[in-house]
Amino acid sequence: MKKIQVKAIAIALLAAAGVQTISAQSQVANNKRERILQVLDQSRPNEYVPAAFFLHFQNKLGRKAVQDHKDFYRATNMDFVKVFYEIAVPKVDIQTGKDWEKVPVYGEDFFEPQVAVIEDLAREFGDEAFILPTVYSPLALAGQTLGFENRKNFKKLVEENPKAFGQAIKNLSLSIENYLRAARKRGADGFYVSSQGGDGNSLSPEIWNKYVRQWDKHVSEVANEIGEINILHICDYGTPFKNAEALYAFADYPTSIINVPLKFSDGSTLNLKEAQKRFGRPIFGGLERLGVIAKGSVEEAKAAVDEVLKNASPNFILGADCTVPGDTDWDKLRAVIDYAHTWRQTHK
């Protein structure tokens, strides 16, 4: 059993026995690591609501990217450090389905520029907050491999040779594993793992289930093996899921927290309490990335937070369903995050 699970269970047992532990006394402590751990302990309601939002920075790698991350984290008062993934695998000349066989496994050295950003942020903030780098899916890396101008042919090239494509997905998944292990050694506590599974615009269910799913899931399995705490982001970028039931196909992915879409192609919306019950883990999200958090006023955003938290489970992390636009006002994000932190204390 992982040490983080043991710690959460120990806290729960001591609290049930009436024993006040350091963690139990630290509901409003400054250490954000403890605040996230308390959300994972679902044996009792959590009065502090952690919150975080993400946006891409103009500077992608290097010292300027590190500074952007530092400035954003401090300015917004978010509860963990989410490190953006900004390194792309090389484009491969894929003209036929068989050409997927050209896709290699990339070693740890390939990811060094990204890992260097993680290391600097871990050195700065690792004692106070979890450092959680973004992890792209093998399917996303396959898109990078093909190149933007050739993505219109993606489905055709996959269907020409699904077996070769499956080998490419495997190699890309093993490449991601190399990134995970390198990042962990350099200070990552865990990962924000993105799955773009079940993309109906580019893959048939048969190809997804036979050639992709096991390697998409493998990323979460490695993250769970080596990380202390992980978030699974079920990404619907470009292709909405049909309904909430489609999300629960990911319930067997090992992860600490689930970040989910909120709206579906059949017109339905997600019930946050039901989702948390079905996944058996805390939900992170609640707000639409292109909704009031991006376009509305601070007061409109706070009103949306009221609705989210009234309908969410007590053990919940406020955020968006995906990355918010890059021009989103940092001051507004700070106001919403601070509002969420004390919401359960001020709305009893």
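Residues take their numbers from the sequence shown, with the count starting at 1. Remember, it's a predicted structure, so these values are computed and weren't measured experimentally.
- A salt bridge does not link Glu128 to Arg33: none of the charged nitrogens lies less than 4.0 Å from a carboxylate oxygen.
- Residues passing the salt bridge (Lys or Arg N to Asp or Glu O under 4.0 Å) test with Arg181, sequence neighbours excluded: Glu177, Glu225.
- In terms of modelled atom types and a separation under 3.5 Å, the side chain of Trp215 and the main chain of Leu174 share no donor-acceptor contact.
- With sequence neighbours excluded, no residue forms a side chain to side chain donor-acceptor pair (under 3.5 Å) with Asn178.
- Arg151 contributes a side-chain N or O that, together with a main-chain N or O of Gly143, makes up a donor-acceptor pair within less than 3.5 Å.
- Checked by atom type and distance alone, the side chain of Ser194 never pairs as donor or acceptor with a backbone atom of Ser137 at under 3.5 Å.
- Less than 6.0 angstrom separates the ring centroid of Phe57 from the ring centroid of Phe72.
- The salt bridge (Lys or Arg N to Asp or Glu O under 4.0 Å) test applied to Asp236 returns no partner, not counting sequence neighbours.
- Under a 3.5 Å cut-off, the side chain of Arg186 and the backbone N or O of Val115 do not form any donor-acceptor pair.
- Using a cut-off of 4.0 Å between Lys/Arg side-chain N and Asp/Glu carboxylate O, Asp216 and Arg213 are scored as not salt-bridged.
- The pair Glu307-Lys310 meets the salt-bridge criterion, since a charged nitrogen lies less than 4.0 angstrom from a carboxylate oxygen.
- With sequence neighbours excluded, the residues that form a side-chain contact (heavy atoms from CB on, under 4.5 Å) with Ala251 are Phe279, Arg281.
- Leu262 has its side chain out of reach of Thr269: every pair of non-hydrogen atoms, C-beta onward, lies at least 4.5 Å apart.
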Which atom pairs, donor and acceptor, lie under 3.5 Å between side-chain atoms of residues 283-294 and protein residues at least two apart or in another chain?
from	atom 1	to	atom 2	distance (Å)
Glu288	OE2	Lys263	NZ	3.3
Arg289	NH1	Thr323	O	3.2

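- With rounding to the nearest 0.5 angstrom, the CD atom of Glu245 is 10.5 Å from the CG atom of Asp266.
- For the pair Asn230 (side chain) and Ser256 (backbone), a donor-acceptor distance under 3.5 Å is absent.
- Remark: the backbone N or O of Gly147 is not paired with any side-chain donor or acceptor of Asn150 at under 3.5 angstrom.
- Under a 3.5 Å cut-off, the side chain of Glu86 and the backbone N or O of Lys60 do not form any donor-acceptor pair.
- For Ala246, the side-chain contact (heavy atoms from CB on, under 4.5 Å) partners at least two apart in sequence or on another chain are Phe241, Asn243.
- The salt bridge (Lys or Arg N to Asp or Glu O under 4.0 Å) test applied to Lys210 returns no partner, not counting sequence neighbours.
- Scored by the side chain to side chain donor-acceptor pair (under 3.5 Å) test, Gln95 finds Asp93 as partners (sequence neighbours excluded).
- In terms of modelled atom types and a separation under 3.5 Å, the side chain of Thr134 and the main chain of Val83 share a donor-acceptor contact.
- Glu101 and Lys98 are joined by a salt bridge, as a carboxylate oxygen and a charged side-chain nitrogen come within less than 4.0 angstrom of each other.
- Take Tyr339 and apply the side-chain contact (heavy atoms from CB on, under 4.5 Å) test, not counting sequence neighbours, and it matches Lys302, Val305, Asp306, Trp343, His347.
- Under a 3.5 Å cut-off, the side chain of Asn271 and the backbone N or O of Glu274 do form a donor-acceptor pair.
- For Ser175, the side-chain contact (heavy atoms from CB on, under 4.5 Å) partners two or more places apart in sequence, or in a different chain, are Val105, Tyr106, Phe111.
- Applying the side chain to side chain donor-acceptor pair (under 3.5 Å) criterion to Gln167, with sequence neighbours excluded, gives Asn171.
- Distance check: Asp41 CG to Leu37 CG gives 9.5 Å after rounding to the nearest 0.5 Å.
- For Lys64, there are no salt bridge (Lys or Arg N to Asp or Glu O under 4.0 Å) partners two or more places apart in sequence or in a different chain.
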